[in-house]
Amino acid sequence: MILAKLAYKSLLNRRASVLLTLFTIAISVMLLLSIERVRIDAKSSFSNTISGTDLIVGARTGDIQLLLSSVFRIGHTNNGVSWKSYQYITSQRGVKWSIPISLGDSHKGQAVLGTTLDYFSHYRFAKKQNLTFNKGHPFAAINEVVLGSEVANKLGYKLNDSIVISHGMGNTSFHHHDDNPFKVVGILNPTGTPVDKTLHIPLAAIDLIHGGKASLEHEHEHEHEHEHEHEHEHEHEHEHEHEHEHDEHNNLVGHPKQITAFLMGFNSPLYTLQIRRNINQYKPEALLGIMPTVTLKELWEMLAIVEKILLLFSAVVVLVSLLGMLTTLLANLSQRRRELAILRSVGARPWHLFTLISIESLLTTLLGCLVGSALYYLVIFSASGYLQSHAGISVNITMLSYYELGLIGVIMAAGFVIGLIPATRAYFYSLSDGMSIKA
Amino acid sequence: MINLKNVTFKWHKSDSSPTLNIKELVIEKGEHIFLHGPSGSGKSTLLAILAGINTATSGEVSILDQNLTTLSNTTRDVFRADHIGYIFQNFNLLPYLTPIENITLGCEFSKSRKQKILKKSSNKNSALQKEAIRLLNALGLTAQYHHKDVATLSIGQQQRVAAARAFIGSPELIIADEPTSALDTNNRESFIKLLFEQAKLSNSTLVFVSHDETLKPLFNRSIDLINLQEQV
């Protein structure tokens, strides 16, 4: 086909300006695809933070606040759940597993989470994936710690390192306990969730940090310790009954008075609603049970405006680049008036010119989309590590999805439609142009 | 071949006197006509009417027994591409194509001219290229230039390419619009002789336009546009 050949040769002849147009389109395709990928993966990373957990229970507060503090380590609840309530609720029929968590401490700005061994066997994220160990194993003694992958990376900790955990949030704490070093016994694989930024220690060790039985410093007593003094004694009785059977386990759990929250899984979804109702009406203590999947969705809907802004942003990027292409095409067209006139004078009819210009803009958009897709892979390939570690967004490098192919299709179509504008102008270039051009 | 009767042409309807006013012009098949006249005598206008770029305001223009004034724009486009080879004053070559590609372009947009070449040839794939090479050789452009960029060729060489493009596919009418204005006298004469040879070979009628009357003796007939025009 002579027109395709002419289009190709003509594009090659104007390669500088064509390359520029092509690059504009490529960059906009790359931006659109990247923004969309981050948007979608942010959403899925977000809802992947926790999975397989039917209920999260904490002191009564807002649904979202409880989710943020217990799962995302954002903000902190002032109240907790008494150990007695925890034991009572988790002994109900239908409870498959439970994970107590105790938050509020930090190590060099990273959250410290006190929990039990159940955490490593029952906590799930993404598509019901278990936590896996990159190195080492779960803690087995009270002074052992398991690190999230990012903690280990960022702070450069290795197995068998000794670290000191302080009381309270924040980098500089007045309550340093150099006499309570923890030994790193395990490092988890990356999850793309706040688990990566967490140090996991036995629940009993939280007491230790707070000056519990292992420490004799009494100035670390807390207000809530006074409040729950009567419960304290009750727990002691309870604990002692078990100590004989599970000696080691009890060493790790210790004698907590209070935990921040706990996660539960049930044998059947039917129990979820029933137990949740019971929890919300629990008399001895004001508690709140939330279903994480529901609350995650609510939270994401609150953030939907950000999502929409991102989408708008990428749409504008594409629009601007297409307008850029239109400008270049039209500017080129006046420069190419002579070239088109020559074609006209050697027998090309108006529709030939129309087709020629259309083929050219289609070719430019097509190449732009191809280069843009390549750039996009380059970008997500090089940025995925950063996004994972800094934004907690796990970006998957996969083939272009139907959605992404659809986006490229839309850009191609838009490029083609925009190319029709100069093509129509070329159509009306008169023949006398070609016959009497001044050299 | 060419038959003009009572042709007038006005650029605008409101013009008081026509740019062109020709009572009769007859050119026979195979003639080599030298059409001359000073600048502003209406040469370009007459050529535009012969090529069907502009339509006469009144009168009858027929080429190959086809009345151009009654044809639609599209049919005239096709008619021109099929039957008229045009050598432009400034050659109108596409700078990003090689001489060969520029020449074959002349018949890419005309089925009948392409057909004429294909009919004579056994190898359908390279027939156009072969014909282009034959024409270039006949017009004196040696093979070393055949695949160079047109932009790197000299004026004289470009002119040969332009002429070859007009001749390819043997159109019935060749119109040459001052193609020699950039050449010196010796080159002009030899170039015109080459044009004659090709015109004879392809059985084409040649209308050669120039204001340079020294070329007149080379042609078997010349027409002075000043005499042709009816004084109003």
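Naming: A, B, ... by sequence-line order, numbering from 1 per chain.
- The distance from atom CZ of B:F109 to atom NE2 of A:H352, rounded to the nearest 0.5 Å, is 5.5 Å.
- Side-chain atoms of B:L105 and A:L6, non-hydrogen and from C-beta on, do get closer than 4.5 Å to each other.
- Within residues 23-32 of chain A, no residue has any heavy atom under 4.5 Å from a heavy atom of chain B.
- Not counting sequence neighbours, the partners of B:H32 by the ring pair (Phe, Tyr, Trp, His ring centres under 6.0 Å) test are B:F196.
- Closest approach of B:D77 and A:R344 over heavy atoms only: OD2-NH2, 3.3 Å.
- Residue B:I84 does not touch chain A at all, counting heavy-atom pairs closer than 4.5 Å.
- Side-chain atoms of B:F88 and A:S345, non-hydrogen and from C-beta on, do get closer than 4.5 Å to each other.
- Residue contact with chain B, scored on non-hydrogen atoms closer than 4.5 Å, involves the side chain of A:L3 exclusively.
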Could you list the donor-acceptor pairs under 3.5 angstrom formed between side-chain atoms of residues 404-420 of chain A and any protein atom two or more places apart in sequence or on another chain?
| residue | atom | partner | partner atom | Å |
| --- | --- | --- | --- | --- |
| A:E404 | OE1 | A:R37 | NH2 | 3.3 |
| A:E404 | OE1 | A:S401 | N | 2.9 |
| A:E404 | OE1 | A:S401 | OG | 3.4 |
| A:E404 | OE2 | A:R37 | NE | 3.4 |
| A:E404 | OE2 | A:R37 | NH2 | 3.3 |
| A:E404 | OE2 | A:Y376 | OH | 2.6 |

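- Heavy atoms of other residues, nucleotides or ligands lying less than 6.0 angstrom from OH of A:Y403 number more than 12.
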Requested in this report: Take B:Y96 and A:E339, measure what side-chain contact (heavy atoms from CB on, under 4.5 Å) needs, and give me the verdict at the end.
Outcome: CA-CA 10 Å; B:Y96 53 82; A:E339 179 191 334; 2.5 Å; yes

Query raised in the report: What's the verdict on side-chain contact (heavy atoms from CB on, under 4.5 Å) for A:L343 and B:L94, showing C-alpha distance, side-chain angles and the deciding distance?
Result: CA-CA 8 Å; A:L343 284 174; B:L94 284 177; 3.7 Å; yes

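- With sequence neighbours left out, the side-chain contact (heavy atoms from CB on, under 4.5 Å) criterion links B:T152 to B:K148, B:D149.
- In terms of non-hydrogen atom pairs under 4.5 Å with chain A, the most contact-rich of B:E101, B:Q89, B:R165 is B:E101.
- Nearest heavy atom pair, residue B:A81 against residue A:G347, reads CB-CA, 3.8 Å.
- Distance NZ/A:K9 to CG/B:L97: 6.0 Å, rounded to 0.5 Å.
- One distance of note links CD1 of A:I2 with CG of B:L128; it measures 9.5 Å at 0.5 Å rounding.
- Side-chain contact check for B:E108 versus A:V346: every heavy-atom pair is 4.5 Å or farther apart.
- Within a 6.0 Å sphere centred on NZ of A:K154, heavy atoms belonging to other residues, nucleotides or ligands number 12 at most.
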